[in-house]
Amino acid sequence: ETGVTQSPTHLIKTRGQQVTLRCSSQSGHNTVSWYQQALGQGPQFIFQYYREEENGRGNFPPRFSGLQFPNYSSELNVNALELDDSALYLCASSLPSGTNEQFFGPGTRLTVL
Amino acid sequence: AQSVTQPDIHITVSEGASLELRCNYSYGATPYLFWYVQSPGQGLQLLLKYFSGDTLVQGIKGFEAEFKRSQSSFNLRKPSVHWSDAAEYFCAVGAFNRGSTLGRLYFGRGTQLTVWP
């Protein structure tokens, strides 16, 4: 069984640029959630996708957007990057059942200069 | 509002000593509670979870946690710590969204565990 994978591992961008992060969910999981983990902090929920639709959103501005594809993989897009967007971005997949936990990928480390 | 508090930012213990990491939560309904561990440069690995039933739950790597509703706590324990347990530990509470899927997780800020040989 393949776990959650994310790409790229590391990324360096400059302010104002746009970035796309990718996530492949665990086999059979059709729900994907994205989290931002700033240095020294716990992960913060960005949004969740279920059956290709946004299914909940945290307190992040609209320049954070996402997609989910028919194969349940997902993308996180961030426009107009700011220095504070520097963080570890974690993707988690799960089944749409109230008793199933979220399985996390290794994350993408984004640095904004 | 939902929130999780981990009052200890950093804990140091000797190898073989017992460990307790504290977690307090605020949640309006029956909480779904989790403990995750994160090693440097890694994602989050689930140690254990509580949904209902027995308030003492067993997890992987010899960890256990006890849910105490009266204290809004879900503390993580291990009777004898190994050097490989050095990592960051996160407590989280799960909140359901409209679709009754397991929606967002609210995380604490984490407790960094250092283990002395």
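This structure is a prediction, so every number in the text was calculated from the model and none was measured. Just so it is clear: chains get the letters A, B, ... in the order the sequence lines come, proteins before strands, and each one is counted from 1.
- The environment of CZ in A:Arg15 is sparse: at most 12 heavy-atom neighbours from other residues, nucleotides or ligands sit within 6.0 Å.
- Using a 4.5 Å cut-off between heavy atoms, B:Tyr36 contacts chain A through its side chain alone, with no backbone atom that close.
- With a 6.0 Å radius and a threshold of 12 heavy atoms from other residues, nucleotides or ligands, A:Asn71 has its CG atom above the threshold.
- In this structure, no portion of A:Gln6 lies under 4.5 Å from any heavy atom of chain B.
- Here the closest non-hydrogen pair linking B:Gly43 and A:Leu90 is CA-CD2, 4.2 Å.
- A:Leu39 CG: 12 or fewer foreign heavy atoms inside a 6.0 Å radius.
- A:Val19 and A:Leu83 end up in the same hydrophobic cluster when Ile, Leu, Val, Met, Phe, Trp and Tyr side chains are linked at under 4.5 Å.
- Using a 4.5 Å cut-off between heavy atoms, B:Leu46 touches chain A through its side chain atoms alone.
- Top candidate by heavy-atom pairs under 4.5 Å with chain A, chosen from B:Ile9, B:Leu44, B:Val4, is B:Leu44.
- Residue contact with chain B, scored on non-hydrogen atoms closer than 4.5 Å, is absent for A:Phe47.
- Around OH of B:Tyr25, the count of heavy atoms belonging to other residues, nucleotides or ligands within 6.0 Å exceeds 12.
- Annotation: side chain of B:Leu105 is in contact with side chain of A:Tyr35 (closest heavy-atom distance under 4.5 Å).
- B:Tyr50 and B:Val37 end up in the same hydrophobic cluster when Ile, Leu, Val, Met, Phe, Trp and Tyr side chains are linked at under 4.5 Å.
- Considering all non-hydrogen atoms of both residues, B:Phe90 and A:Gln41 come closest at CE2-O, 3.8 Å.
- Summarising the local packing, CZ of A:Arg51 is surrounded by 12 or fewer heavy atoms from other residues, nucleotides or ligands at distances under 6.0 Å.
- Hydrophobic clustering (ILVMFWY, side-chain heavy atoms < 4.5 Å, transitive): B:Ile11 and B:Phe74 are in one cluster.
- One distance of note links CD of A:Gln102 with CZ of B:Arg104; it measures 10.5 Å at 0.5 Å rounding.
- When the candidates B:Gln38, B:Gln6, B:Glu88 are compared by the number of heavy-atom contacts under 4.5 Å with chain A, B:Gln38 comes out ahead.
- Proximity to chain B (any heavy atom under 4.5 Å) is shown, for A:Ile46, by neither the backbone nor the side chain.
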